[in-house]
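Data block below; observations after.
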Amino acid sequence: HRCMRLFDETVSDMVECGIVSHADQAREKIEKVKSRVYCMVKETIEAVSSELTFQTRSNCFELFGFDFIISPDWQVWLLEANSQPDLAKAGERL
């Protein structure tokens with residue numbers, strides 16, 4: 001298996017491995033995980049927003065890196081957040 005995958009790429013694997021019995025169940029679990037990830041990113045940014053110094057420039061954006069792990073009981077854990085992620089080591093997918 002590849003180390004970096006899109007959520008939707010895991011649906012068939014979840015059924016084949018017996019994690020869920022139907023693709024709809026896999027999609028439901030994935031949606032819950034995605035929702036938790038989005039919430040955690042939002043909460044993290046809000047927690048440090050007073051310390052972030054955004055420079056407003058047209059056609060520019062800031063890039064942050066977030067690493068998560070999902071436990072066997074489907075809990076989502078934030079491992080780390082980076083203000084300057086190193087994309088050179090991430091592989092061809094990025």
Side-chain angles (χ1 to χ4, degrees):
H1 292 289
R2 296 184 311 265
C3 65
M4 187 179 301
R5 302 175 64 195
L6 299 174
F7 280 116
D8 294 337
E9 294 175 336
T10 63
V11 171
S12 61
D13 290 343
M14 291 170 69
V15 174
E16 288 174 20
C17 293
I19 295 171
V20 295
S21 56
H22 302 287
D24 288 340
Q25 291 174 321
R27 287 186 199 92
E28 183 179 320
K29 286 192 178 288
I30 290 169
E31 285 306 313
K32 287 180 182 177
V33 167
K34 285 168 61 172
S35 176
R36 186 65 186 131
V37 166
Y38 297 154
C39 183
M40 293 172 91
V41 168
K42 179 180 180 264
E43 290 172 354
T44 302
I45 295 293
E46 287 174 349
V48 297
S49 64
S50 65
E51 298 176 30
L52 297 175
T53 55
F54 295 108
Q55 295 183 2
T56 306
R57 296 182 182 156
S58 62
N59 300 317
C60 293
F61 59 91
E62 299 252 354
L63 182 65
F64 294 88
F66 289 83
D67 295 336
F68 295 92
I69 192 167
I70 303 167
S71 65
D73 63 349
W74 295 96
Q75 294 298 310
V76 179
W77 298 91
L78 173 63
L79 297 177
E80 67 177 350
N82 299 297
S83 61
Q84 298 176 341
D86 182 3
L87 299 179
K89 297 180 182 176
E92 295 177 12
R93 287 210 45 124
L94 293 177

How close do [X] and [Y] get, counting heavy atoms only, and between which atoms?
X: P85; Y: G65; answer: CG-N, 3.7 Å
X: R27; Y: D24; answer: NH1-OD1, 3.1 Å
X: A23; Y: V15; answer: N-CG2, 3.7 Å

- Spacing of CZ belonging to F66 relative to CG belonging to L79, to within rounding of 0.5 Å: 12.0 Å
- Message: Could you measure the distance from the OG1 atom of T44 to the CZ atom of F64? Nearest 0.5 Å is fine.
- Response: 11.0 Å
- Give a yes or no on whether the backbone of V48 and the side-chain of E51 come within a donor-acceptor separation of less than 3.5 Å. no
- Under the salt bridge (charged side-chain N to carboxylate O under 4.0 Å, His left out) test, residues paired with E46 that sit two or more places apart: K42
- Task: Not counting sequence neighbours, which residues clear salt bridge (charged side-chain N to carboxylate O under 4.0 Å, His left out) with D67? List them please.
- Result: none
- For atom CD of Q84, decide whether the heavy atoms of other residues, nucleotides or ligands shown that lie under 6.0 angstrom number more than 12. no
- Mark yes when over 12 heavy atoms from residues, nucleotides or ligands other than K34 sit less than 6.0 Å from its NZ; otherwise mark no. yes
Pair up each side-chain donor or acceptor in residues 68-78 with any protein partner under 3.5 Å, not counting sequence neighbours, and list the distances.
unit_1: S71; atom_1: OG; unit_2: D73; atom_2: OD1; d: 2.3
unit_1: S71; atom_1: OG; unit_2: Q75; atom_2: N; d: 3.1
unit_1: S71; atom_1: OG; unit_2: Q75; atom_2: O; d: 3.4

- Message: In the structure I gave you, are the side-chain heavy atoms of E28 and V20 within less than 4.5 Å of one another anywhere?
- Response: no
